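Please see the structure below; I have some questions.
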Amino acid sequence: MTTTTSLNSLLLRNPNRSTTIRFGKNPNPSRVNGVNLSSGRRYKPISITCSTTQVECPPSSAAQSLDRVFNFAADPATLPENVLKRAQSELYNWHGSGMSVMEMSHRGKEFLSIIQKAESDLKALLDIPTEYVVLFLQDDLVDILVTGSWGDKAFKEAQNFCKPSVIWSGKSKKYTKIPSFDGLDQNPDAKYLHICANETIHGVEFKNYRTPKNKDTLLIADMSSNFCSKPVDVSKFGLIYAGAQKNVGPSGVTIVIVRKDLNTPPCYGIYMCGLVFEDLLAQGGLKEVKKKNIKKAQILYDAIDESNGFYRCPVEKPVRSLMNVPFTLEKSDLEAEFIKEAAKEKNQKMIQPKGHISVGGMRASIYNAMPLAGVEKLVAFMKDFQRLEQVKMSAWSQGAVIRDRPSGSGSGYRTSQKTVAILVLSCLA
């Protein structure tokens, strides 16, 4: 018998069957569902039960369309289906304006109405006091020159806000030189090129400031330690910032010089956020959203805690996240199989349940837009996966064997996955 289909896939194909297989002391067990079995020794009777529980999904109005996956990734994360459909309907001609949001000027009245409503809805959602303002900022790619300790700190800090890329570092030369702009391998899509004009620790300084190769890339400079020490052509920069405590004043003051036109907002992203804000308000606000998130998380955490150690959540219960649920499997070598089988699920696949590369394991991110049906399907899959692994382990532990006669070889007895495949096929018949 040749088995090429995944064992987990076999079991999960028929979630409604509950079948018991019993192997007695018959020294010559004849057939199990048409498969010849033979035993090389007598063994104790064992009983293996294969069963699954079908989880009821919410009404179709609350469930996700079957042509979409359940995306458990931490980011980018799933978006509300109704928001995506609305964006789709408005993509070509927004509200009769004759153009898409992606074609609008960020200074035009159409986009101003979009961003103002988005800000208003967010203030309503979070009950933001009137003395606060909301900023929608871009997440851009930034090239950075690391010419000393402060350039290195700038890179590390930038990782919290954007996508920085170190295109040159003087660390290998102990920060004793500065490169020529002409020889730099700059990213064509970088919005900014950041430099530290003067490094106080290593004592290196840019003597002149060249414009980046890409005409759309803006030069940004930390001039904290040489600000107002020499003439500077400010027009070469998009932004200059400096602590005052070196050359122009006491500590506690930061000076920023920015070009006036550098406030272009990420228009389409803001439009999408605005649609999500509307959706959250339509659900009854964040108090109602929290109730839904608690329900989803509780279902998943209960499945983990009630698995008798097959799944484990390392986080203490009082501080468990409603958004990101990390868990491990009893045997870490099952994780790859878990991910593979989840992605092969019938009707709706489940993707990206893998944990962060720094910690491993599994992680189900169940943000606002993850429907209850998605969590219920994940839980049903987890239970089925556990049940199958227990069937397999039971078979291994009882020493079930199958006579294996490979072509061109002698007869013999071998405990192998074929045995387990027979058990699974028996359950599914």
Side-chain angles (χ1 to χ4, degrees), residues 60-71 73 75-142 161-163 187-192 212 214-218 220 238-239 256 258-289 292 365 367-371 374:
S60 58
S61 60
Q64 189 161 288
S65 298
L66 294 180
D67 59 350
R68 284 177 55 79
V69 301
F70 288 121
N71 180 7
D75 70 275
T78 188
L79 286 167
E81 187 173 316
N82 59 319
V83 165
L84 292 173
K85 288 181 176 179
R86 180 174 168 185
Q88 181 184 45
S89 70
E90 296 178 349
L91 178 64
Y92 180 70
N93 185 350
W94 182 82
H95 291 202
S97 65
M99 56 184 165
S100 169
V101 174
M102 289 185 284
E103 300 171 299
M104 293 177 181
S105 166
H106 63 280
R107 299 185 182 91
K109 64 179 182 180
E110 293 85 2
F111 182 71
L112 288 178
S113 69
I114 291 173
I115 194 170
Q116 287 166 1
K117 188 175 188 307
E119 180 178 356
S120 175
D121 286 348
L122 181 57
K123 285 182 175 180
L125 278 169
L126 292 174
D127 195 21
I128 298 175
T130 56
E131 60 267 27
Y132 287 79
V133 297
V134 175
L135 300 178
F136 296 97
L137 306 176
Q138 298 200 48
D139 180 10
D140 289 322
L141 176 64
V142 179
F161 303 100
C162 58
K163 300 180 179 71
N187 291 305
D189 297 325
K191 294 293 181 68
Y192 312 106
N214 184 349
K215 63 182 180 61
D216 295 323
T217 300
L218 300 168
I220 308 295
L239 183 145
V256 178
V258 60
R259 211 170 73 194
K260 286 183 178 180
D261 63 336
L262 298 183
N263 62 344
T264 304
C267 296
Y268 198 77
I270 294 172
Y271 159 72
M272 290 297 297
C273 290
L275 295 187
V276 173
F277 298 154
E278 279 190 45
D279 179 62
L280 295 175
L281 287 170
Q283 292 182 49
L286 298 187
K287 289 184 179 179
E288 292 303 314
V289 171
K292 295 178 182 179
S365 294
Y367 299 119
N368 290 346
M370 174 59 67

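None of these values were measured; they are calculated from a predicted model.
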For A369 and P80, work out which heavy atoms get closest and say how close.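 Of all heavy-atom pairs spanning A369 and P80, the closest is CB-N, 3.4 Å.
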Do Q283 and N368 make a side-chain contact, defined as non-hydrogen atoms from C-beta onward lying under 4.5 Å apart?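 No, side chains not in contact.
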Distance-only check: which donor-acceptor pairs under 3.5 Å involve side-chain atoms of residues 100-108, not counting sequence neighbours?
unit_1	atom_1	unit_2	atom_2	d
S100	OG	L91	O	2.9
S100	OG	M102	N	3.2
E103	OE1	S100	N	2.7
S105	OG	R107	N	3.1

Could you measure the distance from the CG atom of L79 to the CG atom of L84? Nearest 0.5 Å is fine. 5.0 Å
Side-chain contact, heavy-atom cut-off 4.5 Å: F70 with P371? yes
pair I114-W94: side-chain heavy atoms closer than 4.5 Å: yes
Contact summary for L141 and D189, nearest pair of heavy atoms: CD2-C, 4.0 Å
Heavy-atom pair with the smallest gap, counting every atom of A87 and Y268: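 Nearest heavy atoms, A87 then Y268: CB-OH, 3.9 Å.
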Flag side-chain contact, heavy atom, 4.5 Å: E288 against L280: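 With C-beta onward as the side chain, the pair stays apart.
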Flag, side chain of T78 to backbone of N71, donor-acceptor distance under 3.5 Å: no
State, yes or no, whether a side-chain contact exists between L262 and V258 at a heavy-atom distance under 4.5 Å. yes
With side chain to side chain donor-acceptor pair (under 3.5 Å) as the rule and sequence neighbours excluded, what pairs involving residues 109-123 come up?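 Side chain to side chain donor-acceptor pair (under 3.5 Å) check on residues 109-123 returns K117-D121, K117-E278, E119-K123.
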All heavy atoms of L125 vs all of L286, minimum pair found to be O-CD1, 3.5 Å
Non-hydrogen atoms of L218 and P212 that approach each other most closely: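 Closest pair (atom of L218, atom of P212, distance): C-CG, 4.5 Å.
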Any idea which heavy atoms bring V142 and C162 closest together, and the distance?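 Closest heavy-atom pair between V142 and C162: CG2-SG, 3.6 Å.
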Heavy atoms, side chains only, cut-off 4.5 Å: are R86 and D279 in contact?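 A side-chain contact under 4.5 Å is absent here.
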For the pair K85 and E81, find out whether any cationic side-chain nitrogen is under 4.0 Å from an anionic carboxylate oxygen.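 A salt bridge is present here (some side-chain N lies under 4.0 Å from a carboxylate O).
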How long is the gap from CG on L122 to CZ on F136, to the nearest 0.5 Å?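 So the CG of L122 and the CZ of F136 are separated by 5.5 Å.
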